[in-house]
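A short write-up of the structure that comes next.
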Amino acid sequence: MNSIIEKTVNFENTRRMILLRVLLVPFVAVMLVFGTLIYYFATNLSGQVSARLAYLAEGQRNLVEQFLLERSADLRYVAASSSLSELSGNGNIKAEFERLQNLSRGFLDLGVFDAEGNHVAYVGPYDLEGKNYAQAEWFKRVQNEEIFISDVFLGYRNIPHFVIAVRRFEGERPWYIRATIDTFFFNDLVENVRIGKTGEAYLVNRNGIFQTRRRSGGNLMEDDPDYIAYQVNQKQTTSFAADDRAGARHLYAVSRLEPTGWLLVVRQEIGDAYAPLLRAVLIAVGIILAGGVAVVTMGFFLATGVSQQLTMADMEKKRMGSQLIMAGKLAEVGEMSAGVAHEINNPLQVMKSEEMLMKDILADIEANGPDQAENFRMLRNSIDQMGAQIDRCGRITQGLLKFARESQTNIQAVDIKTLLPEVIALVERRAHVENVNILQEVQSDLPPIKSDPGQLQQVFLNLINNAMYAVSKMADSGEIRLTAAQEGEDVIISVQDNGCGILPEHIEKIFLPFFTTKPVGQGTGLGLSTCYGIIERLGGDISVSSEVNVGSTFTVRLPISGSPGGKTRSWLNAHEQGGIPK
Amino acid sequence: MNSINLLLVDDEEQFLSTAKRLMEKRGVSTFVCTNGFDAIRILKERRIDVVLLDLKMPGINGVEVLRKIKQNHPDIEVILLTGHASVESAVEGLKLGAFDYLMKPSTIPDILDKVRDAYERKVAKEEKARKSKVENIIRHPMAVFDKEEE
């Protein structure tokens, strides 16, 4: 049925509405919550990562710093405990060197120099004794400072190394003691730091030259191409993210060494540093996506289910509606039959008395002979009267039958001009008894409409009955005015009474099934709801206006074509099954 | 036996004329009218013993007419005539003091019997009232004064 298809479209909207409002909106809220959580979690975790890196850098710096200070102290001790001549003496320096090596394996060799820079004594793997270091960078520096720790340089031995030199005065003459630090040993101090896959630590001097090897590329004494990225001047350890020359983003923690001004750099590729964070975020996003898919799927099924149930409920409602119309009709038939019995009993009473009269007359004729013109005239009168009363009964029963016969929708051309008088004929007698005057104002050229005459009869009979009831509650004589006129594509039929009217609080409910203001046993409350159902089915509508103690007007609008918007037409055609003259 | 004075109230004129003819033939003085107002007027003007009253009539309905009759003429017996399928209004009528009710259609002999019963009761009631009044005065002559004093 078309009308059901049309309803289904409406439920499609309902489904979309459920999906959008009931599911998507909470889903967005959940997303926001998740997003916020992830944001704070990520911020917190990245803070933790850089803090850890900074902590590591600081620890490592302390370690290196301490190593350098300890070695410096060792040398100063050696310088303080001996004189130049003692150390220059054979074998003495060797003993001192062994003592130093016992303190730390970081010492590679040891040498003593006079004020002019001549290497006066040496112990170590290289043959450096007798060489003059007056032009060496470290020698120039140590002449002005009590202690000097050099950057890594090549020197005479042509191998990268760095030295710690100490100045000592004997009287006015200074002399110097110098130790080389084992590069590999020193390297190990820093290089052994490993964080994740790419985390590394290294030292650069103030000019960005590597003082230790860098695992990710960069040998001793080479320029660090990335130095520009992390050049800092603060003394505190700082951590930040920066791109290296190759474009790979690293997380840095940088700390400056006090004695040499070197930078201890701890760095890790950002992806590696944030790997746990990334994993957590990925898991969270995965959960959100999976959850979202689950929610949307569930929502889809839910919405489909609801719309299906609505469709079912709608069909059920339609079925109930038609059942209600039938029930209303049956109730009406019951109510009418009571009225009809009353109506028929009156002519029967007349006939009964006529019968008695005829018997009396016949007895008279039998007693006094046939020649009694007056008696025959009376007899004929009585017989005529009987005939008239029988016709009256016939009209009453016919009206009832006409009302009760049609139960299925039967669309045909209906002439309101003849339909209304037929309905009025059904109630005329009662109207007369109750002093109600029924007026008709039907437009003379009213076109016939496509509709169901039986059902329309039911509707108007009901409206007139209601009007009659409303009028009967008033003391004055009542009046019911029926008007029918064309208005555009519709025919407007109104039933107006000057009865008791409808209370404002009732007017909204009067079309509801089983709503009635009549005393128990006198009304079923089905009449108007049935009317409403019928008129709606026939493509029209019914409305009411009323004023208490003044009267009510029920207005029925019916389409002449019987098909508003075409949908009713096809629905009706399906029921016509031919046989109706065009 | 005196002639019964019957008043027929019904909106079926044909029934009224035929019934009047038949009743008069059977020795009942019959008056007719088609509505309650006329009935009340006639009751004021004439001595009526029994009223046969249709319950459903235009204007003022049977039960209202009955109530008025019992108010103004408590001695007059009223028989209700109803065509209504339910007996509710008839029962209501009996509560208001109607003698009995008849369902339409009823035969003229049935109606006549009922009218006679009603008339007899009316006569009997009147007789009884008269007798008890007389007896009361004979037995307790002072009672007349007692009652008046109260």
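Below, chain A is the first sequence line, B the second, and so on; all start at residue 1.
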Review item, side-chain donor-acceptor pairs of residues 35-42 of chain B, under 3.5 Å, at least two apart:
| unit_1 | atom_1 | unit_2 | atom_2 | d |
| --- | --- | --- | --- | --- |
| B:N35 | OD1 | B:F37 | N | 3.1 |
| B:N35 | OD1 | B:D38 | N | 3.0 |
| B:N35 | ND2 | B:D38 | OD2 | 3.4 |
| B:D38 | OD1 | B:R41 | NH2 | 3.2 |

Contacts satisfying salt bridge (Lys or Arg N to Asp or Glu O under 4.0 Å) that involve residues 456-470 of chain A (not counting sequence neighbours) are none
Under 4.5 Å to a heavy atom of chain A? For B:I111 that would be side chain
Cut-off 4.5 Å, heavy atoms of chain A, and the answer for B:E12 is side chain
Among the options B:D11, B:L22, B:D54, B:D10, pick out the one with the most heavy-atom pairs lying under 4.5 Å from chain A.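 Most heavy-atom pairs within the cutoff with chain A belong to B:L22.
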Nearest heavy-atom neighbours spanning A:Q349 and B:F15
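That would be NE2-CE1, 3.4 Å.
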Highest number of heavy-atom pairs under 4.5 Å with chain B among A:N381, A:V350, A:L357, A:L348 belongs to A:L357
Exercise for review: Scan side-chain atoms only and decide if A:E354 and B:Q14 contain a donor-acceptor pair under the 3.5 Å cut-off.
Suggested key: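 Checked: A:E354/B:Q14 side chains pair up, N/O donor to acceptor below 3.5 Å.
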ask   = For A:R430 and A:N465, does a side-chain donor sit closer than 3.5 Å to a side-chain acceptor?
value = yes
Using non-hydrogen atoms only, which part of A:M351 is less than 4.5 Å away from chain B: side chain, backbone, both, or neither?
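A:M351 has no heavy atom closer than 4.5 Å to chain B.
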So which part of A:Q385 gets closer than 4.5 Å to some heavy atom of chain B, the side chain, the backbone, both or neither?
->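 A:Q385 touches chain B through side-chain heavy atoms alone.
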